[in-house]
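To find a chain, count down the sequence lines: A is the first, B the second, and so on, and within it residues start at 1.
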Amino acid sequence: MRLSLFYQKAIVHLLALLPALWLFWQGWLLYDYQDHALTANPIQYINQYTGDWAIRLILLGLALTPLRQVFGWNRLIQFRRMIGLYAFFYVMLHLVNFMVLDHFFDWATIIKDVIKRPAITFGMIAATLLIPLAVTSTKGWVRRLGKKWIKLHQLIYVIGALAVVHNIMMVKADLREPLIHLGILIILLGYRLARRAGFTYSMT
Amino acid sequence: ALQGVRKISAYDTDERPTPFKAVTTYNNFYEFGTGKDDPAKNAHTLITDPWSVKVDGHVDKPGTYSLDDLISPHTMEERLYRMRCVEAWSMVIPWVGVPLKDIITRLGPTSKAKYIRFETLEDHKQMPGQRRRVINWPYVEGLRLDEAMHPLTLMAVGLYGQSLPNQNGAPLRLVVPWKYGFKGIKSIVRISFTDRMPRNSWNELAPNEYGFYANVNPEIDHPRWSQANERRIGEFRRRKTLMFNGYGEEVAHLYAGMNLKKFY
């Protein structure tokens, strides 16, 4: 028996929201003077946590097409917009945390950071480029833009690369996780290059 | 609890101490993992008794000292110091320890000794974080001898009136309050007096980001973030970072005439 698309989507929504719900729950515990998991420096913790989930969802979004083509899971396409929008959601949480909680609208410092520090520049470009993709994710915009829509949304390759570089550059010494992200990105983008060059592979 | 501790020091800050729980659960001690809460979770495997410290180099009384041999001839003091991490957060910690100058004077460095070098334990069984080569183990730090002899420089054996918790660098760690926290090397097993500037671990890992001196300096940014302000743990808004972490009156003369942009 197969679940209807409605329930499948409900499950994906719930899974994608779980990290955020957990974070809000821990934030509530902190606010309520209870034990919580956000460490003694919650803003720094939230910064890393939302950044990590943003990257994971960007990579997951990039994995859908290869998975669909290699394993013949054609229905995956039905979740692509959702995953993309959740990636955008976590990027925005990351950005709001940086600007509001971390720097409390200290625009002089924020702007200086964005201009002077390549790691932050790359992250900010990636976040900004994601905005037009989120805006044009509706059916109406897909129709209106036609072939241009595909071109525009190929920006996600650049965004993914910038996000992973940002991730690598922000880490002090322990590069294990960002390098795993890089490895996954290389596989997912390499797959597309190979396919463009004429190599195809299918398990079905 | 530690006995015979002199409680009031001329160097105490009047700021509110950071809660014990924060001081002992938010740590950079990569020997037990790179997450901030890893040391508190993992450091129970460290055996701190018995503990011995090797003293060598240009010194009159080299040898292997037990922790007790090294500390007990001196009066322990409580010092309420600010601690500024290079990652732009800070705490206020009531350390217990012995001024390093008291220990150095007893060991008797020779005229060739210009620097002092410290080494952390390397033991992959006791320190599971060392199984991955995140840092070129063992962790090494150093000071110029006059910095080490400064009355603010402390060899800490405790905090909040009790022996150091393992995650804070038990049983013996360095505290240099006008420098970034990474200079405060933990779980020390070797003290060497040298004629040449020793390497230090973070400088070796990223020389453009972490210097030998590592004096707190709001004017000299870390390449990836500003050092102009900091978040005091437990506070929401950032506060301005003070030159030499607010200890300029005491220590600025150590660096008179030096270009602090070059010697960061």
### Query
Between B/Leu205, B/Val134, B/Val23, which shows the greatest number of heavy-atom pairs under 4.5 Å with chain A?
B/Val134
### Summary
The complete set of side chain to side chain donor-acceptor pair (under 3.5 Å) pairs with one or both residues in residues 96-114 of chain A, sequence neighbours excluded, reads A/Asp102-B/Arg231, A/Asp102-B/Arg238, A/Asp106-A/Thr109, A/Asp113-A/Arg117
### Query
Going by heavy atoms in the side chains, are A/Tyr45 and B/Lys36 under 4.5 Å from each other?
no
#### Entry: Separation of A/Lys172 NZ from B/Tyr30 OH (nearest 0.5 Å)
4.0 Å
## Note on the structure
Okay, B/Phe236 and chain A: the region with an atom under 4.5 Å from a heavy atom over there is both
#### Entry: A/Gln48, part contacting chain B, at a heavy-atom distance under 4.5 Å
neither
### Task
First locate atom CD1 of B/Ile233, then atom OG1 of A/Thr39, and finally report the distance between them rounded to the nearest 0.5 Å.
7.0 Å
### Query
Judged by atom type as modelled, is there a donor-acceptor pair below 3.5 Å linking the side chain of B/Arg237 to the main-chain atoms of A/Phe104?
no
### Task
Name the option with the most non-hydrogen atom pairs under 4.5 Å to chain A; the candidates are B/Glu235, B/Lys21, B/Met91, B/Glu87.
B/Glu87
#### Entry: Atom CZ of A/Arg196: over 12 foreign heavy atoms under 6.0 Å
no
#### Entry: Region of B/Asn28 that comes under 4.5 Å of a non-hydrogen atom in chain A
side chain
### Query
Quick one: which residues of residues 4-29 of chain A reach chain B at under 4.5 angstrom, heavy atoms only?
none
### Summary
CG (A/Leu175) and CZ (B/Arg132) are apart, to the nearest 0.5 Å, by 9.5 Å
### Query
Does B/Arg131 CZ have over 12 foreign heavy atoms under 6.0 Å away?
yes
### Residue B/Arg144 excluded, over 12 heavy atoms near CZ under 6.0 Å
yes
#### Entry: CD1 on A/Ile110 to OG on B/Ser226, rounded to 0.5 Å
12.0 Å
### Message
Within the structure provided, determine whether B/Asp221 and A/Lys116 are in side-chain contact (heavy-atom separation under 4.5 Å).
### Response
yes
### Over 12 foreign heavy atoms within 6.0 Å of CZ, B/Arg239
yes
